[in-house]
Amino acid sequence: MIKERFSPEMQQNLSDDAWMILQEDYRPEETLKYESLFCLSNGYLGTRGAYEEGAKNSLPCTFINGVFDKSETFMRELANMPDWLGIRLYVEKELIGIDTCRILEFTRALDMRHALLAKRYILEDRRGRKTLIEGIRMVSRANVHRLGIRLLVTPLNYSGLIEVENILDGSVINFGDAPRFKVKHTRLLQNSCLDTHGAYLEVTTRDRKLCVGTGSRMEAFSDGQPVMKNHSFHAFGETAVEFQDFEAEQGKTVEVVKYAAIYTERETPDYEIHCKVRDEIRQFMADGFDAELSRHTAVYARMWEDANIEIQGDFELDRAVRFTIFHLMSTGNERDEHVNVGAKLLSGEEYGGHAFWDTELFMLPFFACVFPDTARNLENYRYHLLDAARENARKNGYRGAQYPWESADDGTEQCPDWTIEPDGTCYRCYVAVYEHHVTAAVAYGIYHYVKLTGDEQFLKEKGAEILIETARFWASRCEYHETLHRFEIRQVTGPDEWHEPVDNNLYTNYLAKWNLSYVLNLLKEWETTEPVLYEELKNRLSIGEEERGHWQNVMEHMYLPKGKDNGLLEQFEGYFDLQDVTIEACDENDWPIRPKALETVPRSQTQIIKQADVVMLLHLLGEEFDEETRKKNYAYYEKRTLHGSSLSPSIYSVMGLRVGDETKAYRYLCRAAFIDLTDLQKNTREGIHAANAGGVWQTVVFGFAGVSMEEDGVVDIRPHMPKEWSGLSFRLHYRGAKLSITVTPDNQADVKLLEGSPVTVRVNGKVQVMGGTS
Ligand code: BGC
């Protein structure tokens with residue numbers, strides 16, 4: 001058991017192996033990867049799993065969701081905030097650190113159940129002094145402004161004075177290790193003592209001058225008695241350091257605690273921030289580290305009750321699935337409807353914390369079924385930015401609302417127009433210019449959110465307006481082909497970004513058509529069932545008969561490219577004329593090997609694609625195609641998809657099951673679940689793949705458990721248990737009800753209504769009405 005590597009005192013707070021992710025040794029080249037894997041977030045902020053004492057190759061980052069800045073860079077990105085982690089311990093000026101000492105023992109572990117990062121090392125300095133250091137770190141979910149670290153320090157073969165530095169480092173920048181992307185997003189306002197003791201840094205973002213205050217204090221106890229002495233504070237440029245010390249006795253453990261707190265001008269006026277941080281820390285210290293820890297773990301216990309998926313008989317996969325859920329649930333924010341979930345969560349600076357279509361199509365189902373309040377916030381986020389989407393459409397020459405490919409805090413397009421190569425050459429980046437399907441994803445997200453949660457109020461008060469404006473965008477985006485009598489979307493990029501731009505990407509055309517048809521049906525229905533709402537929308541959004549007629553026309557005559565009569569769907573016009581290169585082998589991690597042909601032919605001239613595109617369409621709107629078509633296209637595109645994006649394997653897993661290819665489905669689930677734990681894409685250092693995490697959840701619940709919420713409100717369950725599993729259980733929120741579902745290896749499912757409204761469930765065709773009077 002992993003927790004047995006720790007002392008009994010530490011073990012009290014640690015969980016069993018199914019909840020623990022282990023780092024067994026310290027290798028500097030793996031530091032960045034572990035910083036992402038061990039990031040702790042609480043919805044409000046996230047802190048990467050950097051070492052308190054500092055380490056080579058480290059990029060300590062704390063991101064506060066919603067705090068963006070542009071400065072000299074290409075886009076508004078989450079600004080790296082002062083690093084609050086710093087704790088340095090010295091014995092006679094020797095730093096007790098992993099880079100400066102000989103490591104005799106080393107363990108770090110992420111405890112997902114309690115959302116804690118634990119560590120244990122024995123370090124030997126150059127003079128042979130050995131120190132045992134254990135510790136836990138939390139980013140509290142009970143009070144999201146409180147952050148804490150507790151170390152247990154034991155000199156093993158010496159006694160003496162240990163000097164302690166409590167450091168807040170405001171000199172951090174974004175992209176510190178990427179020469180031409182480096183940027184400093186904050187300006188120092190104040191570097192001072194927090195209170196009678198402690199350290200305080202106040203910074204503002206450089207563009208919009210948003211203030212953020214970070215404070216900390218440290219204490220130490222031996223036998224329950226405070227032992228810190230000789231306090232002094234010094235400001236070193238942008239770094240605040242408080243010095244203290246304590247006498248350590250051989251074999252005796254001293255408990256060292258760092259209490260930190262962060263507030264921003266988003267929650268409190270700028271002139272109050274220092275006092276807020278000071279008072280928060282005073283109260284935190286009065287409550288004690290343990291009190292906050294138990295409140296924090298109690299919140300996680302409640303969250304896990306609903307979020308945990310248990311896969312029996314497949315230990316490593318069970319834990320890997322839990323790992324993806326852990327990061328997703330830690331980042332979602334149930335209290336703030338002005339923030340989204342970025343493509344790398346709050347665990348890395350890549351993609352600047354921006355929201356993509358990843359949110360609606362990959363993560364939203366998880367939140368809607370597990371944390372519906374968070375899902376509502378994600379929907380509201382898009383609603384708040386509807387005007388910006390309108391402006392974006394207008395700027396690009398379209399009508400209605402066009403959501404940006406990458407969205408930060410103000411809804412303007414944040415996908416960079418330019419990027420820089422390592423040799424300094426700039427090149428134009430066309431993603432936002434051509435990749436428009438995010439607007440359909442936002443519309444689809446509303447439909448799906450309402451279907452899963454039953455939140456009709458959102459649909460009527462806010463969602464309908466988005467749906468109408470996005471339909472309006474698509475109607476203006478389509479061009480009429482006079483001779484072929486059809487509407488087309490030319491010069492567009494579909495999900496597969498390796499063919500950019502193309503004409504008539506099937507996925508985009510289909511989703512645009514879906515958006516128009518959904519709105520037309522909704523309006524038609526509301527005309528009779530909700531006449532007041534209908535009139536109000538019609539008047540407020542100026543929807544005339546003529547415009548509706550045009551939408552109908554576009555919808556009916558939208559061009560949907562098909563292959564030659566062989567049932568194959570053509571990803572875009574001309575795709576089948578490209579050189580037909582296929583994937584022939586996988587590497588030792590079961591990841592497809594890049595075909596040799598790509599060494600000589602540009603991939604855009606081949607049929608090799610980056611990620612699920614036609615198969616993504618089959619995933620979303622599969623019922624519009626017959627089984628034969630689904631099967632044929634899955635088989636065809638599967639041989640040509642290189643999964644250059646993490647958004648791909650989970651979709652191939654779910655779809656593998658739908659076409660009856662169960663072995664492939666299982667293999668794809670493994671690829672998706674381990675993508676970060678085994679660094680399959682070699683970029684985990686940049687942050688956890690958020691969409692993939694959502695995809696893993698969908699694969700298990702919608703795929704292997706075979707759950708589908710039918711249009712008539714019935715929860716249909718048809719499990720496809722892989723032979724490796726002896727059981728599967730999880731919970732779901734569905735339209736105000738909470739269900740617990742347990743699946744057995746013979747594909748039977750036991751469903752219980754835990755609370756809420758009555759639900760009709762159908763397991764393998766057998767209908768059960770749960771709850772209510774029957
Ligand atoms: C993928 C996109 C995705 C983005 C952010 C890209 O590599 O191609 O589909 O939205 O990453 O995750």
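Note that ligands are numbered from 1 as they come in the structure, with each ligand's atoms numbered from 1 the same way. Just so you know, these numbers come straight off a predicted model, no measurement behind them.
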Asker: Backbone, side chain, both or neither: what part of Lys610 comes under 4.0 angstrom of ligand 1, heavy atoms only?
Answerer: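 Under 4.0 Å from ligand 1, Lys610 contributes side-chain atoms alone.
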Asker: Can you tell me which residue and heavy atom of the protein come closest to atom 5 (C) of ligand 1, and the distance to 0.1 Å?
Answerer: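 Sorting protein heavy atoms by distance from atom 5 (C) of ligand 1 puts Asp358 OD2, 3.3 Å first.
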Asker: Examine Phe356 together with Trp405 and report whether their ring centres are nearer than 6.0 Å.
Answerer: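 Under 6.0 Å, so yes.
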Asker: Should you measure from each heavy atom of Ala343, which atoms of ligand 1 turn up under 4.0 Å away?
Answerer: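 Result: 5 (C), 12 (O).
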Asker: Please write down residue, atom name and distance for the protein heavy atom closest to atom 8 (O) of ligand 1.
Answerer: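 Scanning the protein heavy atoms, the shortest distance from atom 8 (O) of ligand 1 goes to Gln611 OE1, 2.6 Å.
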Asker: Taking the six-membered ring for Trp, are the ring centroids of Tyr398 and Trp474 within less than 6.0 Å of each other?
Answerer: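 No, the ring of Tyr398 stays outside the 6.0 Å limit from the ring of Trp474, centre to centre.
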Asker: Hey, what's the ring geometry for His327 with Phe323, parallel, tilted or perpendicular (30° and 60° as the breaks)?
Answerer: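 It falls in the perpendicular class, over 60°.
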Asker: Could I get the full list of ring pair (Phe, Tyr, Trp, His ring centres under 6.0 Å) partners for Trp498, not counting sequence neighbours?
Answerer: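 Trp498: no ring pair (Phe, Tyr, Trp, His ring centres under 6.0 Å) contacts found.
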Asker: Consider every N or O of Trp405 and every N or O of ligand 1, then say whether any pair is closer than 3.5 Å.
Answerer: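 Between Trp405 and ligand 1, no N or O pair is found under 3.5 Å apart.
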Asker: So, for Tyr636 and Phe576, is the gap between ring centers shorter than 6.0 Å?
Answerer: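 So the answer is yes for these two rings.
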Asker: Considering the heavy atoms of Leu647, write down every atom of ligand 1 situated less than 4.0 Å from one of them.
Answerer: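 Within the 4.0 Å cut-off of Leu647, ligand 1 contributes 3 (C), 9 (O), 10 (O), 12 (O).
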Asker: State which residues pass ring pair (Phe, Tyr, Trp, His ring centres under 6.0 Å) with His354; sequence neighbours excluded, sorted by chain then number.
Answerer: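 Once residues adjacent in sequence are excluded, His354 has no partner under the ring pair (Phe, Tyr, Trp, His ring centres under 6.0 Å) criterion.
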Asker: Mark the output for Trp498 as yes if a heavy-atom distance to ligand 1 is under 4.0 Å, and as no if none is.
Answerer: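 No, Trp498 has no heavy atoms under 4.0 Å from ligand 1.
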Asker: Regarding atom 2 (C) of ligand 1: of the candidates Trp357, Phe356, Tyr351, which has the closest heavy atom?
Answerer: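 Answer by nearest heavy atom: Trp357.
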